[in-house]
Amino acid sequence: MTDILPVEADGTLERLATAALWADAEDAALVVRRLADPPEGRAWTVLATPDRDGVVFTSIGADGAGHIDLIAVDPAARGRGIGRALVGAAEEWMRAHGAAEARFAGNPPCYAWPGIDVRYTPAACLAESLGYEQYRVAWNMTADLPARYDEAEHEADLAKLAAAGVTVAAAPAGNRGVVAAFVREQWNDKWAWEAEQATGLHYAFRDGASRDGEILGFAAWGARPLWFGPMGTAAAARGLGVGRVLLRRCLAEQAAAGQASAQIGWVGPLRFYSRAVGARAERVFWLYRRALG
């Protein structure tokens, strides 16, 4: 097997990912660009074969674990051991950066997928053949666009927010510091980074027309290209319908951008999204890990 070498993420790798990742062909190039622009301070690299018929993106998580963020092999080059060689090279890089564990799992906040989509059977077989063990299952939900929901319920939510003095607005790129600070305080740095990087960010606030009032909730889309999330509502605003309104605003924006459907990534509350916009559980991901000797 030829050497696996560090390379720059470029159009060639975007085309390789598009050809190899059949279930993600629509946004594979965007995912490559996203992974190549991670949060400041993240240790990461791109390794590829000399002929660029195989590539792996790998990084170190905040907890010190190594992550295989994306692996792709040209369909015409499969069966030659390229995938195995790419994983081996990624593991060597992880060891050199102090990782004691390797994972086929997303490295939030800048990730491609939660884990291996179960439809990519060869990738799951590769992980298991190399001694990786499945330790978690994650899933996405799919919402058709334009989103389907009860118009009367939506109007009631808007009326309830208005009666409580709550306003909803979009936070433009480059002017998201206040919302990001709210997200960081209420949840974590990872979500705050996603809120700042997102294509669209919507939020709810109370106290008149001032956008510096009390922020109650947020919802974002496009931090992971084309996907919805993250979103959150402060405890003080639960029961007002803030989450439903913000979710629907984001999905309407995604529909206006030309998307026929939206992936709601790494979902927790199935019932909320099912009831709010008719979303259905669809993509399933297996997360794998193994100790690095």
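Residue indices begin at 1 and follow the sequence shown. Because the structure is predicted, anything quoted here is derived from the model rather than measured.
Aromatic pair Y120/W22: ring centres closer than 6.0 Å. Centroid-to-centroid, the aromatic rings of W266 and Y111 come within less than 6.0 Å. Within the 6.0 Å centre-distance limit, the rings of Y132 and F104 are counted as a close aromatic pair.
Using a cut-off of 4.0 Å between Lys/Arg side-chain N and Asp/Glu carboxylate O, E91 and R290 are scored as salt-bridged. Salt bridge status for R283 with D24: present, with a side-chain N to carboxylate O gap under 4.0 Å. We find that E133 and R103 are not joined by a salt bridge, their nearest charged nitrogen and carboxylate oxygen being 4.0 Å or further apart. Salt bridge annotation for E196-R176: absent, with no cationic side-chain nitrogen under 4.0 angstrom from a carboxylate oxygen. In this structure, R224 pairs ionically with D27, as a charged nitrogen and a carboxylate oxygen lie closer than 4.0 Å. Here R280 pairs with D144 in a salt bridge; the nearest charged N to carboxylate O distance falls below 4.0 Å.
Tracing side-chain contacts under 4.5 Å through hydrophobic residues (I, L, V, M, F, W, Y), one never reaches L30 starting from W44; they form parts of separate clusters. With hydrophobic clusters built from ILVMFWY side chains whose heavy atoms lie under 4.5 angstrom apart, L5 does not share a cluster with V56.
Looking only at atom types and distance, the side chain of H154 has no donor-acceptor partner in the side chain of R244 under 3.5 Å away. One side chain, D69 or S59, offers a donor N or O that lies under 3.5 Å from an acceptor on the other. Using modelled atom types, one finds a donor on one side chain and an acceptor on the other under 3.5 Å when comparing S129 with R84.
Looking at V183 and E194, their side chains never come closer than 4.5 Å, going by heavy atoms from C-beta outward. Contact check for V73 versus D53: no side-chain heavy atoms found under the 4.5 Å cut-off.
The heavy-atom pair separating R34 from A223 by the smallest distance is CD-O, 3.0 Å.
Under the 30°/60° scheme for interplanar angles, the aromatic rings of W187 and W191 are found to be tilted. By the 30° and 60° cut-offs, the orientation of the rings of W227 relative to F285 is tilted.
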